[in-house]
Each structure stands twice: as C-alpha cells, then as structure tokens.
Amino acid sequence: MTRAASPVGAHTFIWSPRWDHAGARRAATAAAEIGYDFVEIPLLDPAIIDVEDTRVLLDDLGLGCCCSLGLPAGAHLPDRPEVAKAFLLNAVDVAAALGASVVTGALYGHLGTLTGTTATERELIVIADVLRDVATHADRVDIRLGLEVINRYETYILNTVDQALSLVERIDAPNVRVHIDTFHIDIEEPSIAGAIHRLGGHLGYVHLADSHRGALGSGHIHFASVFDALAAIEFDGPIVVEAFVNADPEILRATASWRDHGLDPDEFASSSLATIRALQASTRF
Ligand code: MN
C-alpha cells in the first residue's frame, strides 16, 4: 500500500524577516526554485500581509502555504484572553484568505513570557476555553490548528508532549493537533522518536531543526530515527525546515538566536531539502 507523502515546506524566516511585497517574493521564489511544496508564512503581524498579492505570487509559483505565529507580548493568552482570542480569530481569517490549511505555533502564549513556574490549572482552563472557540471558527473555514511544543527557556506553557496531549484533550476539538519541533523536543524529551510514537494520530505538524539550529544534518539530531518514527505512525502531515537565518527581531530575541551561523539562505534551504530527500530514500518515510 502506498502512503501519501508529506508535503515539505520551508519557513520564510530563512530568507526574510517580513512578509511584505519584497520579502514575500524573495522567500517564495527561492523556495519554489529549490523544490519545496509550500512556504510557512509568519502571522506575527497579520496586518502587514497583502492577501491578494500573496495569493497571486503563490499561484504563479505553484506553491502552497501554512501559517504560524506566537502571540504578541500584549496578547499573552492566560493574561489577556480576549485580546488573544481576537488576534487568533483574525489570524485564522487571514490564513484562510491566503489559502492555508493550517495555523500553528505558540497559539497559547507569547514566547519569552515566563512566570517562573509551570502553567497553573487556572491558566490552562483559560487557554483551553479560548482555543476551543478559535478552533470552532477555524473549522468553519477549513483550518486546522497546531500547538507547538516549545522548550522551557521560551515558554512555561507547553514544554512536553504529555502537556500538549493533555491540552488537546481539554480543548476537545477535532481540528486541533500537536506540532513538534525537533530542536525543542531534543531539549525536553528523552527521545524524539519516542515522542512521535506517543503522539501518534495527534501529531499534525513537524518543524525540522537541528540541535544547534544550524544546517540540517550538521548537528547531533538523528533524523533517520525521526523519519522512521514518522513512517511508523503513518504521518502524512506537513514537515517544515525552520531556521532563523533572516528572522523577525522579536523572534531572534525570544529564541536567543543572536549567534550568526554564517548560513547562506539559498544554500541552507537547498542542502536541507537534499538532506530530507536522502533521508526519505534511506528510511520508510
Ligand atoms: Mn518551531
């Protein structure tokens, strides 16, 4: 039996910190030329996105898109649930207008906001209530939501796969899945493959980044076992190469990405795709 192949995407922070007219062209053209199926467009500030311009651009290139975000500091969900909800509903509408099928990332909070403790029961209730309403709206416009598990230095809300599964259960909406990122899972879980097996059908989205966020395959993450685990759970969702070669300044700060890896965007994107293709050929994924 043949299985649908996962579409392979590139995060546009490889090429441009802003999805404006010029940044969109730079990122989308390169991604299409290199051979990616889609681009992941950041919706940190949905207001700067020219929806019509992007649709035409992606159509011309034959590229799909997914959208991702972390909430702004002033919309940290547990503290400002109404502000966060309005932001997320608008992001879902913009994503749907762009033709995206997924809105994913830190939908539950602001990256960099830390309380010194894990999320409280009260905070988790507030988060689940808001995300349930957002998921209901997203379902109407055929959008799936992803909750990204992110390491302890960037958020206190979702650090582990078990916490993510528990939040998904609390939200209890059919279009909410877990999003893992190999960089974060490598920090927080004993095994990335084990985390993938535990998630099974709840896994909806995968970010591929190496242990030091450098070129894919140059760090210590054993991607062959990651791909074998994805094959074992019959994962066919989007996989995305994420790197902050040219990221938004707020994201560089939140992720402590101030070290220059000396990566050339096009070289990084093409060598990463070659690494993925080689892994697909040598694993069952
Ligand atoms: Mn990520």
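Every value quoted in this text rests on a predicted model; they were computed, and no experiment measured them. Both ligands and their constituent atoms are indexed starting at 1 by order of listing.
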**Study point:** Single hit among Val92, Leu71, Leu43 for side-chain contact (heavy atoms from CB on, under 4.5 Å) with Phe87
**Key:** Leu71
**Study point:** Parallel, tilted or perpendicular, as decided by the 30° and 60° cut-offs, for the rings of His179 and Tyr205
**Key:** tilted
Review point. Under a 4.5 Å cut-off applied to non-hydrogen side-chain atoms, are Glu189 and Ser191 in contact?
Key: no
Practice item. Answer whether the closest heavy-atom distance between the side chains of Ile221 and Leu216 falls below 4.5 Å. Key: no
Review point. Just checking, is any N or O donor in the side chain of Thr255 or Ser257 under 3.5 Å from an acceptor N or O on the other one?
Key: yes
Review point. Which atoms of the protein, restricted to N, O or S, are nearer than 2.8 Å to the Mn ion (ligand 1)?
Key: Glu148 OE2, Asp181 OD2, His207 ND1, Glu242 OE1
Review point. Taking atom types as modelled and ignoring hydrogens, do the side chains of His21 and Asp50 form a donor-acceptor contact shorter than 3.5 angstrom?
Key: no
